[in-house]
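Since the structure comes first, as structure tokens, the remarks are kept for the end.
In the text below, chain A, chain B and the rest are named by the order of the sequence lines, each starting its count at 1.
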Amino acid sequence: MKSASSPQDFRDFIQLLPEPLLLVGGDSVIHAANRAAAALLEAAPDQLAGQALDAVVATPGDQLQHYLDTCARSRQFVVGALDLKQNQTTAAKRRVRCEGAALRPWSQDAPALLLLRLNLRASAGDRFRLLNQKIEELAREVLERKRAEALVDGQREVLELIAHDAPLEVVLERLMRSAEAQSSAGMLCSILLLEPDGVHLRYGAAPSLPQEYNDAIDGLEIGPHTGSCGTAAYRAEPVIVTDIAADPLWEGYRELALAHGLRACWSTPVFSTHGMSEASREGGAPVLGTFAMYYRQPLAPGADDLELIQLVTRTAAVAIERQRAEEERIKLLESERQARLAAEQANRMKDEFLATVSHELRTPLNAVLGWAEILRLRQFDESTATHAIDTIVRNARAQAQIIEDLLDVSRIISGKLRLNVRRVDLPSIVEAALDAVRPAADAKGIRLQVVLDPGAGPVAGDPDRLQQIVWNLLSNAIRFTPRGGRVQVRLQRVNSHIEILVSDSGVGINPAFLPHIFERFRQEDSSSTRRYGGLGLGLALVRHLVDLHGGTVHADSAGEGHGATFTVTLPVMVLRDGEAKPAAGDVQDGAPESAAKPLSHMDQVLQGLRLLVVEDEPDARELLQTLLAGSGASVTAVASCKDALEALERSQQDGSRPHIIISDIGMPDEDGYDLIRQVRQRGVRIPAIALTAYSRSEDRMRALGAGFQMHIPKPVEPSELIASVSSLASWSVPEREPPAAQRL
Amino acid sequence: MVAQSLVTGNLSELDIPLERDVFLRTLLRELAGTLQDVVGLEEAAGFISVVGQNMGRQLDHDYKAALGVSHLTREQVAAVLVDLKQRIQGRFFIIEEDDDKIVLGTTSCPFAEKVIGRPALCMMTSNVFGSIVAENLGYAKVELQETIATGSPGCRVVVYLKPTLESEATLGREYFQGPPTP
């Protein structure tokens with residue numbers, strides 16, 4: 001539209017168009033209105049012509065003019081909105097969309113000529129509404145999308161941290177911040193971790209909660225009324241508290257929470273991922289901790305919140321479990337390492353030991369072979385030959401000892417070492433050990449000091465092994481004491497223990513080595529240049545043997561160069577009242593001291609007596625038989641009540657009735673009481689002695705009541721038994737020849 | 001430690017791309033985008049035109065006041081167009097200038113990368129240029145021959161100073177002088 005067309009042309013033109021159109025001057029005077037516009041403005045077209053626009057439009061004047069000015073500057077439609085007056089008298093308004101453009105611009109001669117297109121179709125309003133709606137929808141979508149993106153990004157960050165083994169605190173903190181970023185209501189969240197004791201919750205991560213609050217809840221004990229988190233962990237289900245001020249669960253913690261401005265708290269347990277299905281949750285997937293969302297105003301959760309909670313708790317579970325698995329793995333690795341080190345150490349010690357054993361076995365063997373070869377090759381004078389033979393014997397013995405020691409250790413390890421336990425008189429054991437080492441001590445000019453308390457004892461033990469113990473300690477003492485030194489042995493009773501102390505003035509023991517001194521294969525110096533030789537088994541054997549005897553051994557030393565003391569303690573045997581002096585045990589090297597010694601003056605006291613001995617235990621039976629027969633009696637020994645009755649029967653017939661019956665009480669099938677009852681029932685009035693381990697006074701009374709004339713408790717002194725039998729015989733066997741004078 | 005820096009309150013040291021220029025450019029981008037999506041490119045352009053016109057008038061007034069003149073000559077108008085763009089980091093330069101038209105070009109946009117995909121924002125340039133030229137020289141038709149917004153490496157803007165055959169043949173917005181200010 002180049003030429004300035006006349007308004008009239010335009011006026012005609014707009015009449016042809018159906019949309020509401022106005023021709024308006026830039027000075028806001030209505031030039032023309034078509035029928036549709038007139039209808040819209042509720043006026044007649046010719047009424048409008050010449051009117052000011054603000055007569056029909058309620059839009060404030062300056063706004064209106066501004067709009068018209070803008071339209072006047074542009075050939076293209078400029079969109080605006082006008083408020084129309086309903087009719088000229090009322091002030092009610094309707095908003096219409098208006099599009100205006102300049103048909104003719106301003107000039108010096110005339111104002112601009114504008115075409116205004118008005119739009120009040122239903123869809124116009126709709127279009128505004130639609131516009132608003134669309135904008136809102138779009139905004140919401142954008143927000144949603146951003147939230148979802150943030151959520152995904154946040155989760156991805158957390159998972160990456162987990163995958164890179166970031167410390168748990170870091171992971172949980174990032175998770176919390178990521179969750180908080182999702183909320184628009186100023187949400188603060190926290191994770192608490194359940195301790196292995198299953199009772200206490202400790203701080204996991206809560207970067208936005210006040211530190212004071214976090215400190216106050218750290219270590220919270222779970223229970224049915226302990227706020228949201230404690231209760232959630234206890235019940236293993238979510239606990240939603242929409243208003244802390246009113247909820248009874250928060251009673252004990254209300255003030256604390258309110259003081260920090262916390263009004264709502266939704267807590268959900270973090271369940272282990274092993275067994276996440278609902279069914280197994282019933283059975284109780286373990287609770288690892290709790291995830292809580294706090295708000296500063298009372299609030300209830302929406303669907304989005306529940307989704308977020310699910311996501312966070314699942315991610316937290318993964319992180320926590322991964323860290324725990326990691327800790328487990330490290331612990332396992334460490335214990336594996338320790339085990340391996342221990343095994344390597346043991347191996348090394350065994351290797352050292354083997355080397356030592358070979359050396360120790362070879363050394364005496366060298367001497368034996370060497371001297372034997374020499375003897376074979378040459379003739380020597382007697383003293384040299386004797387010396388050679390002594391050397392050979394000595395070394396062979398030494399080697400035999402080494403092998404014995406090895407076998408003993410092997411027996412101990414495999415649990416096959418048996419003790420032959422009896423009552424033992426320690427002084428003689430110690431004496432015997434001393435005798436064995438005296439030559440070695442003399443050879444080194446070492447003084448042996450002995451302090452023996454004869455009242456120290458008895459103990460229950462194996463005399464051979466006890467002697468081995470003392471001998472080992474003495475040998476060591478002598479070996480590690482230089483020429484001219486001193487070794488002392490002390491035997492004493494201390495309360496309810498017997499102590500054997502072996503001390504020396506020798507090289508002493510390094511305090512660092514002292515704790516290991518009784519270990520197998522351990523020597524303070526196991527190098528090839530070591531001075532003192534030996535296998536390092538002696539003390540280990542001592543310790544094992546002392547253990548088997550129920551005792552203890554320990555070593556003391558003031559340090560290198562200051563000698564050492566070994567102390568063995570053994571428990572004292574419990575003596576019965578009235579017991580005579582204990583029998584001496586067999587001693588290894590001397591002639592056996594037999595029980596026959598005290599009886600030498602009782603040799604034939606039981607001459608002429610016929611005795612029936614009833615004892616089921618073979619060794620005991622043999623002993624009694626030997627003892628009684630050795631005193632001159634004629635003994636029939638049987639093993640049971642039945643055999644005894646048969647023997648009696650036979651003796652009735654052939655006239656060799658026993659003069660005295662000596663019977664054990666405790667026998668299988670029929671015991672001593674049964675025997676004597678049956679004997680008495682048959683009217684047999686042979687005197688009988690009950691010889692039994694049942695030794696209480698009621699046993700005594702029962703025996704006498706059952707028909708025995710005497711009751712002797714086991715173990716019995718042989719001389720006592722002989723005397724008892726003899727005494728009983730003198731009262732009840734008139735035809736017996738009077739015995740020779742007795743001296744007890 | 002990462003955790004430590006998250007806990008302390010000194011967020012101002014974090015490396016976040018946010019300051020006023022970026023914020024405002026982003027805001028405009030978002031507005032334009034929403035408008036484009038909701039009402040369509042043409043109408044969006046239309047809305048932005050109104051904005052641009054108002055801004056153009058204001059700038060015209062500012063320059064005139066600063067120069068102490070009531071009216072700009074063609075040379076002054078061309079210089080103003082270049083200068084105002086320089087000031088807002090759109091480095092425009094004059095490619096051609098004669099009685100019929102002024103041709104300007106640039107390789108950078110004041111909106112920077114935020115303009116890509118937002119051709120509606122070009123209406124700012126069109127209207128600012130158009131209204132300053134029209135206000136002083138009576139008429140302007142602005143043709144956006146090439147724009148960074150639509151993917152070109154640079155912008156080429158032709159401002160026709162009078163209706164000619166050439167200007168008739170092009171697509172562009174026409175601007176007129178407004179009423180004399182009282």
Side-chain angles (χ1 to χ4, degrees), chain A residues 1-3 25-28 65-80 97 99-108 110-112 114 127-128 130-139 141-142 157 161 166-174 176-177 205-208 211, chain B residues 1-9 11 30-31 33-40 42-57 60 123 126-128 130-135 138-142 162-165 167-168 171-182:
Chain A
M1 293 182 227
K2 272 207 292 230
S3 54
D27 55 3
S28 93
Q65 191 59 50
H66 179 87
Y67 176 65
L68 295 178
D69 283 347
T70 311
C71 293
R73 289 177 159 80
S74 175
R75 177 86 71 187
Q76 277 73 25
F77 275 121
V78 174
V79 177
R97 178 184 164 101
E99 291 159 331
L103 291 173
R104 188 190 70 205
W106 277 96
S107 68
Q108 284 181 334
L114 309 171
R127 279 172 79 185
F128 278 125
L130 209 64
L131 188 70
N132 291 332
Q133 256 176 25
K134 280 215 89 173
I135 290 176
E136 258 172 64
E137 264 173 43
L138 208 70
E141 263 179 54
V142 167
E157 263 185 65
L161 281 173
L168 186 62
E169 320 84 73
V170 172
V171 173
L172 292 180
E173 207 176 289
R174 164 101 345 265
M176 292 300 96
R177 289 201 187 277
S208 307
Q211 190 56 40
Chain B
M1 223 190 99
V2 174
Q4 207 49 46
S5 65
L6 285 173
V7 167
T8 58
L11 297 176
E30 290 301 317
L31 280 170
T34 306
L35 267 179
Q36 271 174 218
D37 292 340
V38 173
V39 303
E42 253 187 60
E43 290 241 24
F47 284 119
I48 290 183
S49 299
V50 180
V51 174
Q53 273 206 36
N54 292 334
M55 292 184 75
R57 286 222 287 274
D60 176 63
M123 282 302 110
S126 177
N127 278 275
V128 168
S131 54
I132 291 178
V133 171
E135 208 59 33
Y139 171 87
K141 180 167 183 181
V142 179
K162 41 177 89 126
T164 60
L165 279 170
S167 73
E168 289 299 311
L171 282 173
R173 288 181 84 89
E174 286 176 290
Y175 302 87
F176 305 112
Q177 202 173 39
T181 42

Report yes if some heavy atom in the side chain of R75(A) is under 4.5 Å from a heavy atom in the side chain of F176(B); otherwise report no.
yes

Where on A112(A) is there a heavy atom nearer than 4.5 Å to chain B: the side chain, the backbone, both, or neither?
neither

Under 4.5 Å from any heavy atom of chain A - which part of N54(B):
side chain

Where do S74(A) and Q53(B) come nearest, in terms of heavy atoms and distance?
CB-NE2, 3.6 Å

Once rounded to the nearest 0.5 Å, what's the spacing between atom CG of D37(B) and atom CD of E137(A)?
12.5 Å

Given heavy-atom pairs under 4.5 angstrom as the criterion, report whether the side chain, backbone, both or neither of F47(B) touches chain A.
side chain

Side chain, backbone, both or neither: which part of E174(B) has a heavy atom under 4.5 Å from chain A?
both

Identify the heavy atoms of W106(A) and G178(B) that sit nearest to each other, and give their distance.
CD1-C, 3.7 Å

Tell me, do R73(A) and R57(B) make a side-chain contact under 4.5 Å, heavy atoms counted?
yes

Let me know if T34(B) has heavy atoms under 4.5 Å from chain A in its side chain, its backbone, both or neither.
both

Please name all residues satisfying side chain to side chain donor-acceptor pair (under 3.5 Å) with Q211(A), sequence neighbours left out, ordered by chain then number.
D215(A)

Sorted by chain and number, sequence neighbours left out, salt bridge (charged side-chain N to carboxylate O under 4.0 Å, His left out) with E157(A) holds for R174(A)

Go through G26(A), P105(A), C71(A) and name the one with the most non-hydrogen pairs under 4.5 angstrom from chain B.
P105(A)

